Amino acid sequence: MTLPASTSGRRVPRSATLVAGCVLAGLVLAVAVVSFFWLPFPPDDTSGDRLMPPGLPHLLGTDKLGRDLLTQLMIGARVALEAGAGSVLIGGLVGLAGGLAAGFATRWLDDTISALLDILIAFPTVLLAMLVTAAREASLGSAVIAIGLAMSAIVARLTRVLVKRVLAQDFITASRTSGTSWPRVVVEHVLPNIWPTLSVNLALQFGLAVLAEASLSYLGLGAPPPNASWGRMLQEAQASVFIAPAGVIAPGVLIVVLVVGVNLIADGVRDVADPTRRRTR
């Protein structure tokens, strides 16, 4: 669905899903930015009563240690965005490099890289996180590395398919015939043609990375205390869900809001980039 808007006599399509996604993800981003400058209480303040209901001075109540729940949620928003951005950065760079290598490789090397990608895609992210944690320690950085490496295989496989599709076009043959070097072909023709599809996939991977970080933190493989993570907040609050339900509902709702917002952004970008898809809606 699109909303037409006129700019200098030109109709510019606007995706309603893109706007909705920006609003949802923007709310979480705003909370994370505010957390750098203001928090209701210090993160390690346990002066409140345990499992207080929402009210004053703790607007959303307290957890089982007496910490302010709103403060933990605000810090958790920062951790979720850092995990998503870091994982996408690692997965995008490694996956793009691997996909380009496979796209330009000879047949036997392409088959070898494809087999390795299939193995890595089938490798459970949690098990990979355990291996990274064993080599380093349980931290946000370890979780981001594990998620990014798992994500890189998906990005690489998509990049490989897109690169081969672009290389089969006539304008690539014409460019090479005119004497253009392969690095210049990649920069001027391959990357601009694969980037729209790749950017949509990376947006979707961002949402999956947020879910993966929450899952790893729930299992104790994410950011350790005193860092707050929505996944660890869910794990800590599950024993008191009937006494203080806000401790489970609040981080769960924020996870849903961020993931749905990012997915709507990806869907909206796809709408804007693909006019044919917009007309079929």
Side-chain angles (χ1 to χ4, degrees), residues 1 15-35 60 69-70 72-92 95 121 124-126 128-129 140-155 158 197-223 227-238 241 245-273 277:
M1 178 180 180
S15 171
T17 54
L18 180 60
V19 174
C22 289
V23 170
L24 292 177
L27 289 174
V28 179
L29 178 60
V31 170
V33 171
V34 170
S35 70
L60 294 180
L69 188 59
L70 179 58
Q72 301 298 307
L73 290 171
M74 294 176 69
I75 298 176
R78 185 196 312 169
V79 170
L81 292 176
E82 289 175 353
S87 300
V88 167
L89 180 62
I90 294 175
I121 290 174
T125 304
V126 173
L128 184 59
L140 179 60
S142 297
V144 168
I145 291 174
I147 298 169
L149 290 177
M151 182 189 303
S152 65
I154 300 174
V155 176
L158 175 62
T197 303
L198 199 59
S199 61
V200 172
N201 181 262
L202 290 177
L204 293 173
Q205 294 299 322
F206 186 101
L208 294 176
V210 171
L211 288 175
E213 188 279 327
S215 300
L216 293 176
S217 294
Y218 184 90
L219 297 174
L221 299 175
N227 297 309
S229 169
W230 292 339
R232 198 178 72 253
M233 291 177 67
L234 288 171
Q235 190 277 330
E236 293 176 348
Q238 66 179 356
V241 60
V248 173
I249 294 174
V253 168
L254 285 177
I255 291 174
V256 171
V257 167
L258 180 56
V259 173
V260 170
V262 173
N263 286 350
L264 288 177
I265 290 175
D267 197 47
V269 170
R270 189 186 292 117
D271 282 348
V272 173
R277 188 173 185 270

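Treat the numbers as computed from the prediction; the structure is a model and nothing was measured.
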Asker: Could you state the interatomic distance from OG (Ser199) to CD (Gln205), rounded to the nearest 0.5 Å?
Answerer: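 It is 12.5 Å, given to the nearest 0.5 Å.
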Asker: What are the two closest non-hydrogen atoms of Ala20 and Leu264, and how far apart are they?
Answerer: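 Taking every non-hydrogen atom into account, CB-CD1, 4.1 Å.
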Asker: How far apart are the closest heavy atoms of Val28 and Val257, and which atoms are they?
Answerer: CG2-CG1, 4.1 Å
Asker: List the steps, then state whether side-chain contact (heavy atoms from CB on, under 4.5 Å) holds for Ile147 with Leu216.
Answerer: CA-CA 10 Å; Ile147 298 169; Leu216 293 176; 3.9 Å; yes
Asker: For Leu69 and Met233, what are the C-alpha separation, side-chain angles and deciding distance, and is it a side-chain contact (heavy atoms from CB on, under 4.5 Å)?
Answerer: CA-CA 9 Å; Leu69 188 59; Met233 291 177 67; 3.3 Å; yes
Asker: Between Gly222 and Ser217, which heavy-atom pair has the shortest distance, and what is it?
Answerer: CA-OG, 3.6 Å
Asker: What I want to check is whether the side chains of Glu213 and Ser229 have a donor and an acceptor closer together than 3.5 Å.
Answerer: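 Present: a donor and an acceptor within the cut-off.
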Asker: Under 4.0 Å between a Lys/Arg side-chain N and an Asp/Glu carboxylate O for Arg232 and Glu236?
Answerer: yes
Asker: Between the main-chain N or O of Gly252 and the side-chain N or O of Trp230, is there a donor-acceptor pair closer than 3.5 Å?
Answerer: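 Looks like no, no N/O pair under 3.5 Å.
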Asker: Calculate, to the nearest 0.5 Å, the distance between atoms CG and SG belonging to Leu29 and Cys22 respectively.
Answerer: 10.5 Å
Asker: Between Leu258 and Ala80, which heavy-atom pair has the shortest distance, and what is it?
Answerer: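 In terms of heavy atoms, the two residues are closest at CD2-CB, 4.1 Å.
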Asker: With Val88, which of Val144, Leu202, Leu208, Val155 fulfils side chain to side chain contact (heavy atoms under 4.5 Å, CB included)?
Answerer: Leu202
Asker: What I'd like to find out is whether the side chain of Asn201 reaches to under 4.5 Å of the side chain of Phe206, using heavy atoms alone.
Answerer: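 Side chain of Asn201 against side chain of Phe206, heavy atoms only: no contact under 4.5 Å found.
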Asker: For Ala25 and Ile265, which heavy atoms make the closest approach, and how far apart are they?
Answerer: CB-CD1, 3.9 Å
Asker: Does the side-chain contact (heavy atoms from CB on, under 4.5 Å) test come out yes or no for Leu234 and Ile255, once each step is laid out?
Answerer: CA-CA 11 Å; Leu234 288 171; Ile255 291 174; 4.0 Å; yes
Asker: Is there side-chain contact between Met151 and Ile90, with at least one heavy-atom pair below 4.5 Å?
Answerer: no
Asker: Considering only heavy atoms from C-beta outward, does the side chain of Leu204 approach that of Asp267 to under 4.5 Å?
Answerer: no
Asker: Go through it in stages, so that I can follow the logic: the residues are Gln238 and Tyr218, the test is side-chain contact (heavy atoms from CB on, under 4.5 Å), and I'd like the CA-CA distance, side-chain angles, deciding distance and then a yes or no.
Answerer: CA-CA 11 Å; Gln238 66 179 356; Tyr218 184 90; 2.5 Å; yes
Asker: With the side chain counted from C-beta on, respond yes when Leu221 and Ser142 share a heavy-atom pair under 4.5 Å apart, and no when they do not.
Answerer: no
Asker: If you compare all heavy atoms of Gly261 against all heavy atoms of Leu24, which two are closest, and at what distance to 0.1 Å?
Answerer: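 That would be CA-CB, 3.8 Å.
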Asker: Atom OG of Ser35 and atom CG of Leu73: how far apart are they, to the nearest 0.5 Å?
Answerer: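 It comes to 11.0 Å.
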